Amino acid sequence: MKKQKILYSSLATTLTVCFLLLGFFVFPRSYVRLKEAGADLVSCVKYYLHSVFGETPEEMPSVVEYSDVSEPITLLPPDYGAFKAKTGSFFRTLFSKQNLFAWLALVGKRSVTLSKGIAIVLPGILCLWLLIKRLYAKCNNRYNRDTLPLWIYRRTVERGFLAAKRFVVGFVSFLREHGWVWFFWLVLWGFHLNLASIVVEFFAYYLFFAVSFEFGTLYVQAVKLVRDLQPLFRFFPWWILVFIPLFLFKRFRERIAFARLHHYEARNCGFIKELPIVSITCGSMGKKKTTMITDMTLSQEVMFRQKALEILQKTDLAFPNFPWICFENELLKCLEYGIVYNLATIRVWIEKKRARYEKHRNARLQLYGYNSGRYGLEYDDALSVKSLFDALETYAQAYFIFVLQSSLIVSNYSVRTDNDVVTRGNFPIWSLDFFADRRRSSRHAHVLDFDVLRLGKKIRENNPNAGSFEFGVVAITEIGKERGNNLELKEVKKKNDETNQKNDLFNSWLKMCRHSATVDHFPFIKVFTDEQRPESWGADARDLCDIVNIVSAGDAKLALPFYTIEEMISEWAFHRFISLYYNFRFRRGDNTLLVHLLKQATAWLWKRNVRICNKYGYTVLKIEKERGTMDGKTVPKRYYLVNRKIYSNRFTTDCFADFFQDMARKSNVGLMDYIEYATEKASVEELKMQNSYFINGLYGSNEGE
Amino acid sequence: MKTLKRILAVTVILVIAMVIWYLVFTGQVMNAEEAYEEAKDLIQ
């Protein structure tokens with residue numbers, strides 16, 4: 001480790017010396033130019049000061065003249081008139097027939113050269129292909145053995161490449177640890193490549209232009225800028241420079257993609273806001289209904305945090321001089337000691353605070369030194385007069401919802417959330433972006449104990465959780481199977497001693513749930529449910545909902561623009577390689593160099609494609625929104641399922657799989673153990689093996705006769 | 001649809017490449033003509 005550090009330090013020192021020598025031998029002009037730019041800046045500062053203080057300067061500053069150091073460029077003439085003439089001449093040539101024919105002749109000539117090249121190389125490639133095919137036609141069972149060329153390749157190239165990669169990665173992390181080295185190199189190259197001169201010239205010209213408004217000098221500046229950029233284009237070869245536009249292109253299209261994804265998320269939020277407190281999402285199996293309610297649940301949790309923050313901001317401004325930070329700190333202490341743990345206890349806590357203040361009138365102790373005499377204890381919003389303690393109650397409840405570090409989701413299946421709170425000991429900030437790049441710590445939804453939603457009889461007697469639920473996002477999958485409908489509950493009686501769907505008053509809770517969850521007139525509660533058919537849930541509860549019918553799930557789309565060619569290449573490579581590879585695997589059990597290289601390249605392309613599809617892919621669900629009364633009036637809508645948000649291990653589609661797994665494990669029988677039909681026609685014995693009502697009925701009636 | 005999109009994308013790239021080639025070629029022609037004129041002036 002120590003040796004490695006010494007090696008990295010020596011390399012960094014050597015590179016620094018090389019860079020310094022480069023400045024001395026290759027880029028000496030840049031430093032002379034920097035000196036000139038400095039002189040320009042001084043003259044411009046003088047010009048600026050003279051102009052600002054009323055004296056009209058006699059001479060123009062040197063910034064409007066060409067540099068003596070920078071080399072002129074033939075493409076850009078020194079004066080604007082010549083540039084205009086040259087541009088005119090360029091366009092005349094561009095649209096001239098003669099020029100076009102000359103170019104077409106050149107294209108023809110190059111095409112002939114290319115065709116000749118292909119004609120020469122093609123037979124060689126064909127021969128090579130036939131040779132490889134012949135070599136690979138031999139079958140063997142040498143499992144996982146490397147051929148000699150592959151063995152040599154692995155021992156030399158791969159080992160060397162991996163060692164080099166490890167060294168470079170280590171060196172880069174060493175540079176990250178010593179950021180100043182990196183910074184020094186950047187500054188050094190900034191000077192070498194004239195970038196420092198460009199910055200100095202910019203400020204010089206800015207000062208000159210701010211007082212003179214000489215538009216005629218703009219052309220000179222543009223030419224000077226291009227001349228100053230010459231070292232960059234001359235020093236680096238084109239194949240290195242090509243990475244600059246590629247990098248900019250990558251950033252540009254990623255920005256577009258993220259803007260699109262955020263736009264879709266905003267549209268989803270708009271759709272969720274339109275829904276009433278309770279909604280049911282319906283669709284046949286595989287229509288992504290649980291996916292959709294999970295997606296809505298995640299968005300709603302984020303919206304609750306945002307709404308809580310909005311309430312905090314508004315309440316803060318109602319009493320702008322109140323020391324809110326002290327109030328927050330005391331509330332956090334109360335949370336820590338368990339004095340406050342829900343919205344109801346917050347109300348009690350504030351009530352005590354109010355009583356204490358009214359008794360002692362000690363602002364220093366009860367109101368953290370707030371000068372109530374000067375700033376007042378009331379706020380008039382033109383609708384009503386609110387006291388400071390009303391505002392404190394609202395603020396405390398909103399802060400409680402905002403700062404709560406557990407998930408706000410309560411569900412009958414697990415949902416993963418990864419919202420992160422960032423704090424420096426003052427006001428916390430939530431990182432709520434679903435499309436951010438960094439990996440974040442996970443939390444999971446709370447287990448839904450249905451007793452907390454029952455106002456009547458409970459399944460568990462004296463359930464300690466009963467009555468505790470106030471606010472949050474409730475997600476219930478397969479609600480019909482839990483609650484049943486009127487037909488299924490025909491035999492169930494309200495007067496039964498056992499808890500059932502008719503005497504647990506769950507529907508009453510649904511109708512009144514917003515009462516416990518309202519803070520500053522906003523209900524912090526939403527219930528998302530799903531079922532295959534809306535009729536599966538009893539009408540009394542269903543009538544409260546909006547029904548969201550999933551009509552169809554569209555094809556996967558990509559928010560990243562200009563990706564068609566890359567996708568085409570990776571798909572082509574994948575399909576070509578896979579057919580070749582499995583043909584090879586059918587024949588041989590060993591590993592060969594050619595297949596190894598092709599597999600590495602295809603795997604790289606495939607992984608890249610998968611990552612991009614996962615990062616920027618999305619699906620549009622076509623949905624129809626209908627009232628719970630099912631009056632047949634549907635409104636067509638769209639809902640966007642973004643892969644990055646909903647498919648990053650948020651939930652499992654087989655959320656009740658453990659039940660079936662447990663049954664299957666106990667049965668000791670597998671698919672292979674089921675008896676197969678002997679022929680195309682089932683025998684009587686085989687029919688009887690089906691344990692079918694229909695077949696048993698047929699044979700039962702016959703036997704009876 | 002996917003195939004059509006791909007054909008269109010390849011065509012657009014080829015057209016852009018040809019246009020760039022034509023622009024560069026025109027620039028080279030102009031520079032060559034200028035150099036020729038300059039050389040002619042010098043000889044005269």
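The model shown is predicted, which means the values in this text are computed figures rather than measured ones. Labels below follow one simple rule: chain letters A, B, ... track the order of the sequence lines, proteins then strands, and each chain is numbered from 1.
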So for [X], is it side chain, backbone, both, or neither that comes closer than 4.5 Å to the heavy atoms of chain A?
{"X": "Phe25(B)", "answer": "side chain"}
{"X": "Ile13(B)", "answer": "side chain"}
{"X": "Val29(B)", "answer": "side chain"}

(request) Examine the side chains of Tyr640(A) and Asp295(A) and answer whether a donor and an acceptor come within less than 3.5 Å of each other. (result) no
(message) For the residue pair Tyr581(A) / Lys599(A), report whether a side-chain donor-acceptor contact shorter than 3.5 Å exists.
(response) yes
(message) For the aromatic rings, using the six-membered ring if either is Trp, is the centroid distance between Phe247(A) and Phe243(A) under 6.0 Å?
(response) no
(request) Taking the six-membered ring for Trp and the single ring otherwise, decide whether the centroids of Phe258(A) and Tyr616(A) are under 6.0 Å apart. (result) yes
Where does [X] contact chain B at under 4.5 Å (heavy atoms): side chain, backbone, both or neither?
{"X": "Ser89(A)", "value": "both"}
{"X": "Arg110(A)", "value": "side chain"}
{"X": "Leu100(A)", "value": "both"}

(request) Please check if atom CD in Gln98(A) has more than 12 non-hydrogen atoms from other residues, nucleotides or ligands closer than 6.0 Å. (result) no
